[in-house]
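Scroll down for the structure; my scribbles are underneath it.
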Amino acid sequence: MWRSLWRSIDRFSLQHFKHVINELREIKVVDKHNRELVVDLLQSIVEIVTYGDRQDPMIFECFMEYQVLTEFVRLLKISRNSRIEAPLLQYLSIMIQNMNSEHAIYYCLSNDYINSIIAHQYNFDVGDLAPYYISFLRAVSSKINRDMLCLLVKVRGDVLVSFPLYSEALKFAQHGEKMIQTAVRALSLNIYNVSDDMVYQFVSTPPASKYFSDLVHKLKEQCVHLDSIVLATEGACINQRRKDLLLQTDKIVDDLYYFKDILCIGASCLSEVVTQNLLNLLVFPILLPLLQLRQNDGSDLSAITSLYILCRLLQIVGGKKIINCVAEIILYPFMLSMRDASELSTDNSFSNHWNDVEKLVGSGSEFEGAENINGDLLCKLMSSSSHSVNYIVDDNVCQKRSGILAFIFSDNHTLLLASLFLLLTLAESKDIEHLLASMIGPSTIQHRMDHNISDLEPEDRNIFVKFMPQILNALLKVLASEPSISKQIPWHTGWFLQKLLVLQGKRLDDHTSQLFNTSYEQSRERLRKELDGCWFDYVLDTLRNEWASCKTALEKPSQTIDPLFLLELTACLQKTDGNVSTYASWQRMVDTVKVFIVHFQLKALICKEEVLEKSLLAPLSTPSGDSGRIHASDPASTSFGSEISLGSGIPCRIAFSNAGIRDIYMIPVARGTSGKLFLVEKHPFRSQRGVVIAIAPLAGLSPKIDEDHTTWLHLRIREFDPKLYASRTRSDSPKGFNHAADGRWTLGFSNAKTCEAARLAILGETNKQRSSVKSSLALLLGDKSHGQDQEGSNVRGL
């Protein structure tokens, strides 16, 4: 008998489950005194029901028989500021998420239990109830299908009039917490994917359709905030502004991907209301002032931000209606110049497009849930502008420009690149209508090249055909500009040139060839200067590492390019921070190498020098050195603690903060393209040998004798490690990388003469290493005579 009392209770048994339910039924009021007991009972019920759903059907039969969900609803009503709502919603979410049986899910959604819990009057201003509530709603939405949907809605006739799960969730659509916003969007997609016509009709008509216009309004606010970051002239440093840009553009991209997810569902009425809101509340307000088709009221985005948003919208959201609408508006000024052309008078497709765009832009669209544009004002503006917009090509100069061409031929480099990027994004879209593609698509050029049609008349409809000489000339002027605003400008300009040169048949006239050759020589000269800088020892490695990636980047389609670089060029490069550290020098060296690679690869494309390119790159295929021979004193093979000869060492002293003053030997060594400075301590038992206690690269040492103490030699030590940086940038959090500040060593010598000898020894070995690097790059840089008289060259300082 006593043993039976101590027998352990099976907490997942049907008997125990009934006991817990009965105990819960005895609760008459929930307050702070019995709150913990109620929470424990709820936890036990959820655990047992979850177990029974998989293991014991009798448990769920009991769950239904005792109408346990009724008890959950009752607990909410009898709670007295006990904050029982959060754990109750949490356990309900867990139970619903873990249910696998459709029968069990169907029962939970029936009898209006869930709707009663959803519609309960919660106090979201107290505590953290909102996340639990939204999590509960999301859990319910993940389980519904077309057969179960009828349990959560109210229908009058053939019209859905109430959908608490959706309506209550939308109240949190603009919540301050990102997690809640994400949950609401996931819930909405779950509902849209049910594919129920009545639901689509409900969500796409007021008041529920206001959700989509609110989303676009919020996106427009995000764009305005982004514009303020781009245009800010004071405040945070460049790195901080770049972080702000990344953060804000990530928010915008997230919103655009959400719109894309909605459109991918394929529901016509849902796609229509989303598309119409995007067009009327975002695309039109951006495009019309951008192309000067309506008056600027002072609240419009800047041109560069507008172009960025349009490019991102086309890349991510796309869709035939959006793409063709953007193309029609962009081509509107261009179509104005062709409207009265005789060869187009019988072109029905052109007339249809002309009428569509005038109707679309001029009268505004009557869309439910979207704002309308002032059509009368636009008609007047466009009517007046139609007399002044004209394109005339005379002596390769576009005399009158408007619309998108005003940006293509702008003196602002970023506007030029951004407008071309927008055109190329449209041209490469598979959804653009044929006639519009023929007016904007570079594929037309390639088609003509394939059919040996080389005479491109200036009256041709295609923008790229008509203005290709001017576009190439503008890009080459950017490429040849000196000094460049940023190394990134020629880098991205090279991408545009590569794309257009292929379409152009890789041909340049005498003028454009001269511009390119000038730019090519400038890039080569900048690379030569880097060979005299503090990172010359990494130039070869950088060329090897970046060559293939640069070539791949040049050949990428526009759909895979993130146009964020356009905003960075505008926002982050308006001013420099004056950084003169070796880290900044390394960044400059890498950018210089990349720009040279772009020039070289474009030159190979233009001149069809693929064979020459391979021969010039042969020295880069393997690390250079002394013909592959390994030396015992090779700097690359010497590490801390190694024993080396003291034969060429210069005795000196150094003070380490953690070891005091030490007597050492300074030994600079250069072998091929490797060079190191070793600080060596004399071996206690071998008089001609020493142990390496410190190592520094020869490049960047910049040895200088102290003006007040002629026996002191100051050395700058590069603490930044590019190999470590490369490994960090390949990790998940490269943005958190912080480069180390330059180090300093001061060596003390017995007299001034020895100190000067040490300085010259360092410079001599550094010059040997630099000469080896230059010899490896001589053919690539066109310095064919370099390396023949290096032994007699003067020692130059860094």
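Remark: Leu677 CG to Met666 CE distance equals 6.0 Å, nearest 0.5 Å. Put simply, CD1 on Ile654 and CD1 on Ile664 are 5.0 Å apart, with the number rounded to the nearest 0.5 Å. Atoms OG and CG, on Ser419 and Leu423 in that order, are 6.5 Å from each other to the nearest 0.5 Å. Taken to the nearest 0.5 Å, the OG atom of Ser523 stands 6.0 Å off from the CZ atom of Arg526. A distance of 9.5 Å separates CD in Gln498 from NZ in Lys551, rounded to the nearest 0.5 Å. Atom CG of residue Asp509 and atom CG of residue Leu472 lie 8.5 Å apart, to the nearest 0.5 angstrom.
Closest non-hydrogen pair, Cys550 versus Ile597, comes out as CB-CG2, 3.6 Å. The nearest pair of heavy atoms linking Thr493 to Leu475 is CG2-O, 3.4 Å. The nearest pair of heavy atoms linking Phe407 to Ala303 is CE2-CB, 3.7 Å. Here the closest heavy-atom approach between residue Lys499 and residue Lys556 is recorded as NZ-O, 3.8 Å. In terms of heavy-atom proximity, Leu424 sits nearest to Ser558 at O-OG, 3.6 Å. Scanning both residues, Asp663 and Glu681, for their nearest heavy atoms gives O-CG, 4.0 Å.
The closest side-chain heavy-atom distance from Ile252 to Leu256 is below 4.5 Å. At a threshold of 4.5 Å between non-hydrogen side-chain atoms, the residues Cys534 and Met589 do not count as touching. Trp745 places none of its side-chain heavy atoms less than 4.5 Å from the side chain of Arg716. Residues Glu530 and Trp535 have side chains not in contact (no heavy-atom distance under 4.5 Å, counting atoms from C-beta outward). Annotation: side chain of Thr414 is not in contact with side chain of Leu567 (no heavy-atom distance under 4.5 Å). Counting heavy atoms from C-beta on, the side chains of Leu246 and Leu564 come closer than 4.5 Å. Side-chain contact between Leu698 and Pro668 is present, with at least one heavy-atom pair separated by less than 4.5 Å. Side-chain contact between Leu417 and Trp495: absent, with no pair of heavy atoms (C-beta onward) separated by less than 4.5 Å.
Ser519 contributes a side-chain N or O that, together with a main-chain N or O of Leu479, makes up a donor-acceptor pair within less than 3.5 Å. With Gln315 contributing its side chain and Ile561 its backbone, the two residues share a donor-acceptor pair below 3.5 Å. Formation of a donor-acceptor pair under 3.5 Å by the Thr518 side chain with backbone atoms of Gln514 is found in this model. Panel note: side chain Thr570, backbone Leu566; a donor-acceptor pair is recorded below 3.5 Å. Distance alone, capped at 3.5 Å, places no donor-acceptor pair between the Ser674 side chain and the Ala670 backbone.
For Asn751, the side-chain hydrogen bond (donor to acceptor under 3.5 Å, both in side chains) partners at least two apart in sequence or on another chain are Thr754.
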Item to check | salt bridge (Lys or Arg N to Asp or Glu O under 4.0 Å) between Asp541 and Arg544, worked out | outcome: CA-CA 5 Å; Asp541 286 339; Arg544 293 188 196 101; 2.6 Å; yes

Next on the checklist: Applying side chain to side chain contact (heavy atoms under 4.5 Å, CB included) to Arg524 and Phe600, what does each step give before you reach the verdict?
Outcome noted: CA-CA 9 Å; Arg524 192 157 61 175; Phe600 190 91; over 6 Å; no

Item to check | Audit row: Arg759, Glu756, salt bridge (Lys or Arg N to Asp or Glu O under 4.0 Å) steps and yes/no | outcome: CA-CA 5 Å; Arg759 187 183 75 88; Glu756 175 64 16; 3.0 Å; yes

Checklist entry - Going through the checks in order, is the ring pair (Phe, Tyr, Trp, His ring centres under 6.0 Å) test met by Trp586 and Phe720? => result CA-CA 9 Å; Trp586 175 80; Phe720 172 70; 4.8 Å; yes

Next on the checklist: Run Tyr308 and Ile304 through side chain to side chain contact (heavy atoms under 4.5 Å, CB included) and show every step you take.
Outcome noted: CA-CA 6 Å; Tyr308 168 80; Ile304 189 63; 5.8 Å; no

Checklist entry - Which is it for Glu765 and Ile667 under the side chain to side chain contact (heavy atoms under 4.5 Å, CB included) test, yes or no, and what are the steps along the way? => result CA-CA 10 Å; Glu765 292 297 309; Ile667 306 177; over 6 Å; no

Next on the checklist: Checking Asp254 against Lys178 for the side chain to side chain contact (heavy atoms under 4.5 Å, CB included) test, could you report, in this order, the C-alpha distance in whole Å, the side-chain angles of both residues, the deciding distance, and whether it holds?
Outcome noted: CA-CA 11 Å; Asp254 286 345; Lys178 181 64 176 178; 3.9 Å; yes

Item to check | Trace of the salt bridge (Lys or Arg N to Asp or Glu O under 4.0 Å) decision for Asp532 with Lys774 | outcome: CA-CA 10 Å; Asp532 292 326; Lys774 288 183 177 180; 3.1 Å; yes

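For Lys477 and Asp411, the salt-bridge test fails: no basic side-chain N is under 4.0 Å from an acidic carboxylate O. Ion pairing of Arg312 with Asp562 is present here, as a side-chain N (NZ or NE/NH1/NH2) and a carboxylate O approach within less than 4.0 Å.
The aromatic rings of Phe516 and Tyr520 sit parallel, their planes meeting at an angle under 30°, below the 60° perpendicular limit. Ring geometry for His492 against Phe565 counts as parallel: the plane angle stays under 30°, on a 0 to 90° scale with 60° as the upper cut. Classification of the Trp712-His709 ring pair by plane angle, with boundaries at 30° and 60°, yields parallel.
Under 3.5 Å, the side chains of Ser513 and Asp510 contain no donor-acceptor pair of N or O atoms. Side-chain contact, Gln248 with Gln222: a donor N or O sits under 3.5 Å from an acceptor N or O. Using modelled atom types, one finds no donor on one side chain facing an acceptor on the other under 3.5 Å when comparing Gln587 with Asp591. For the residue pair Asp742/Thr582, the side-chain donor-acceptor check at 3.5 Å is satisfied. Side chain to side chain, Thr305 and Ser302 meet the donor-acceptor criterion of an N or O pair below 3.5 Å. Looking only at atom types and distance, the side chain of Glu546 has a donor-acceptor partner in the side chain of Ser549 under 3.5 Å away. For Asn412 and Ser410, the side-chain atoms include no donor-acceptor pair closer than 3.5 Å.
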Could you go through residues 643-652 and list every donor-acceptor pair under 3.5 Å that involves a side-chain atom there, pairing it with any protein atom two or more places apart or in another chain?
| residue | atom | partner | partner atom | Å |
| --- | --- | --- | --- | --- |
| Glu643 | OE1 | Arg686 | NH1 | 2.9 |
| Glu643 | OE2 | His683 | NE2 | 3.4 |
| Ser645 | OG | Gly647 | N | 3.1 |

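Counting heavy-atom neighbours within 6.0 Å of Glu525 CD, excluding the residue itself, gives a total above 12.
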